[in-house]
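See structure below.
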Amino acid sequence: MSDAKSPIVMIDRRVTLKWLAGAMAVGQLAACGDQAKGLTWPEVAAIKAQGIGVDPDLINPVVPWPLTMTQVELAAAAKLADLILPAEGDAPAPSKVGVPAFINEWVSAPYPDQHEDRKLIIPGLAWLDSESKTRNGVVFANADVGAQKLILDDIAFKDKVKPGLELPAQFFNRMRVLTLGAYFTTREGWADIGYIGNQPGTGDYAGPTPEAAAHIKGVIEAMGLTYTPA
Amino acid sequence: MTPDEPHDAVVVGSGAGGAMAAWVLTKAGASVLMLEAGRDYHPDEAAMLNMAMDAPLRGVGTPDKEFGFYDATVDGGWQMPGEPYTMSEGSEFMWWRSRMLGGRTNHWARNSFRMGEYDFKPQTRDGLGVDWPIEYKDLAPFYDRVEKMIGVYGTNTGLENHPSSGPGVLQPPPKFRVWETFLKAGGDAINIPVVPARRAILTKKIDERSPCYWASGCGRGCGIGAAFQTTTSLIPWAKATGKLTLATGAMVYEVVLDASGKATGVRYIDKATGAHKEAKGRVVIIAASTGETARILLNSKPNGRAEGVSNSSGQVGRNLMDTVGSSVNAYFPNLEGRPRYNEDGAMGLHAYIPFWDYKGVKDGTAGTPRGYHVEIGGSFGDPGMGVGSGLDGYGASLRSDVKRRYGSRINFTQRGEMIPNAKSFCEIDTNTKDKFGIPVLKFSFAWSEHELNQVTHFQKNMKALIDKLGGTLAAEPAEPTKAISKGGEIIHEVGTARMGKDAKDSVVNQYGKSWDVDNLYLTDGSVFVSKAHKNPTLSIMALAMRSSESIAARLRKGEL
């Protein structure tokens, strides 16, 4: 959190969650270079750090493990997340709502599931830069959008993965899942997808709005079935 | 009183069965010492309105908090450091423990379905398993009283083997949400009932407990007291009588008998100091959960009896059952793009599918002797980390795919009856001790063809329902041997000290009283004779109330 001005590490929308002060650590993995290309990626050591614990403070939660991604990795992750889900209308880009910081929190966590993602994502981000350097002469974040998309087109569609790029495709899939999950659990993501819950109320549960009820009545009757009002 | 003083009753456990016993007995004027292995707890600790965005890793499950960051369970889960359990070769069993005041009532789904007439007489109906020593009508008044006391929403559907509650007992259920209304339309067309669920959640205020405010996942624990748990009800009520002494961090490991064979109390380890202590009472009530209760009985070796306490029948640890679980997921294009509104509701079932095919069971066309119900999930919820799973590509089309798909997926979850079998039991693993030095449990478990055939029935019928509504399966369900849950995974384990009519083949009588030890009672799921598809907690409480009133009467008469 030393660089609070950077949109990449900023996490201004999450009011409750605190990271350990000074938790930003130096990345543990050097860039993989050209050898990262192809079918095998270097081993990524598991994180050994304090976890949440079996009895954490639920109201004042803390992420106790150090964050491990480098600025270079965060820049690549931010660019990739924003290509996965570009800003649209009022809906901001993932890098504006803390998604790269969340990816950092995730791949730095000392748990088996997150380690599986770390093994794909840290080398995957290095691969993106290396692939971009080979194709475009610059790292992924600095390539132009057209050149970035040409790389993604080789790894982003499950039936059209370029032979030999199966590992980068796996990496991309996990980045997509994490980006979408992180994004749509923010207030901006809720506004975009239309989640309007977590609103305590009094009295009976209101149930469907007249508009929602009329809509499902129409759907059900169009199928030749019988609608029963809630 | 202090834990060192003799009480009228020593109760081991503070979950559904233990807390009910403590409340009934303290209300009747008896002094009760409640021993809980975990720490003190109240759901004021729950972060009720924090969301995924406020939690580490967006709240997903981790080895530290297996059901997610916000799950009420503390110091528990499938695995606990220093407190292992083992399995016999070829067996898989999962044992969820909640070492905390209130036990698993702090996080249960609150689904509260009564067992019916058929469920008490399974052997009479189909020759399998064993009958209960009581009939539905023996327990019906206690179901009414428990439902009224804890607060259960639902309706009387009048469906076969799904008994009605008495007049004025149930609270009104919340309205169906759009996707539940949609499912009902499909179910109505092919004679699969979709009816209001029954859950231990207030929709009307009772005493100091507020009605549901239509937010906050119930598994977090409910600080406003709307979702029933013993830590906001039975335990504070028992405390208010002035007759309850509570000792937390008290790990009970054996029942103590005197030379005449009467129980004098239990021994436990005070976890704070490591000291071994003895708690004394005129009556001993064990409700430590079916696994832990069996473990305590089997680890007790008074007067050199190798088989343990209350085990002259050899049935302690046998007849271990869990609920049959499997699931099917589908997308419904007809639900895509529907108008948004707040679908949080009661944060769980408003509707469910009770078992309906009793005719098929009778004439053999069902292919399975026992039923199940289906718990259904959908809704516009907090999208969560799974919102992008299964999607392809990137860019604007991906954003529109996520939004189109939101709220159009429904999960169908089977919750079915298991028939007790000789391969499913727990015993003491003489080679393994926990960090307290107490020998641990070793589980053996196997499903039979009956449960596997039941999964087939479920899959076939849910596919018919999905088809009728134009849905597409998220994935073709696996074959039953792979689709079925692991033993224990549904956390409905019961049966390790069953009740019966005869001391030869049961551990306790119909009041939970040990056949061998006149002042030793069990009031948890261990006493179940069968595991109907109905979730066990409500029945545990009804049985515990019945047993505890019997104990109170005997205390009054000086029999104990």
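Bear in mind that the values here come from a model prediction, so they are computed numbers and not experimental data. Here is the naming used below: chain letters follow the sequence lines, and residue numbers restart at 1 for every chain.
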Margin query: Report which part of A:Ala182 has an atom under 4.5 Å of a heavy atom belonging to chain B: side chain, backbone, both, or neither.
Written below: both
Check: So, does A:Glu105 use its side chain to make a donor-acceptor pair with the main chain of B:Leu57 at under 3.5 Å?
Finding: yes
Checklist line | A:Ile155 versus chain B, the contacting section by heavy-atom distance below 4.5 Å | finding: neither
Item checked: Heavy-atom contact with chain B under 4.5 Å, split by part of A:Ile52 -> both
Note to self: Please classify the contact of A:Ala91 with chain B as side chain, backbone, both or neither, using a heavy-atom distance under 4.5 Å.
What the structure shows: both
Check: By a 4.5 Å heavy-atom criterion (distance strictly below it), what part of A:Leu225 contacts chain B: side chain, backbone, both, or neither?
Finding: side chain
Checklist line | A:Asp153 side chain to B:Tyr394 side chain, donor-acceptor N/O pair below 3.5 angstrom | finding: yes
Next item on the list: Could you tell me which portion of A:Ala87 (side chain, backbone, both or neither) has an atom closer than 4.5 angstrom to a non-hydrogen atom of chain B?
Entry: backbone
Notebook entry, point to check: Using non-hydrogen atoms only, which part of A:Lys149 is less than 4.5 Å away from chain B: side chain, backbone, both, or neither?
Noted result: both
Item checked: Heavy-atom contact with chain B under 4.5 Å, split by part of A:Thr226 -> backbone
Checklist line | Reported CG-to-CG distance for the pair B:Leu398 and A:Leu83, which is rounded to 0.5 angstrom | finding: 12.0 Å
Note to self: For the CG atom of B:Asp392 and the CG atom of A:Asn173, what is their distance to the nearest 0.5 Å?
What the structure shows: 8.0 Å
Next item on the list: Answer with side chain, backbone, both or neither: which region of A:Tyr227 has an atom nearer than 4.5 Å to a non-hydrogen atom of chain B?
Entry: side chain
Next item on the list: Please state whether the rings of B:His350 and A:Tyr205 are parallel, tilted or perpendicular, taking 30° and 60° as the class boundaries.
Entry: perpendicular
Check: Any luck finding a side-chain donor-acceptor pair between B:Asp382 and A:Trp190 under 3.5 Å?
Finding: yes
Next item on the list: Against chain B, label A:Val219 side chain, backbone, both or neither, depending on which of its atoms sit under 4.5 Å from a heavy atom there.
Entry: side chain
Notebook entry, point to check: For residues A:Asp55 and B:Tyr41, is any side-chain donor paired with an opposing acceptor at under 3.5 Å?
Noted result: no
Margin query: At a 4.5 Å cut-off on heavy atoms, which part of A:Pro86 comes close to chain B: side chain, backbone, both, or neither?
Written below: both
Next item on the list: Heavy atoms only, distances under 4.5 angstrom: which of A:Thr179, A:Ile84, A:Thr209 has the most pairs with chain B? Name it, please.
Entry: A:Ile84
Check: Is the side chain of A:Arg176 donor-acceptor paired with the backbone N or O of B:Leu391 at a distance under 3.5 Å, no angle test?
Finding: yes
Next item on the list: Under the side-chain contact (heavy atoms from CB on, under 4.5 Å) rule, what do A:Asn198 and B:Leu49 come out as? Steps first, then yes or no, please.
Entry: CA-CA 7 Å; A:Asn198 200 38; B:Leu49 290 167; 3.2 Å; yes
Next item on the list: Taking B:Arg338 for its side chain and A:Ala212 for its backbone only, find out whether a donor-acceptor pair lies under 3.5 Å.
Entry: no
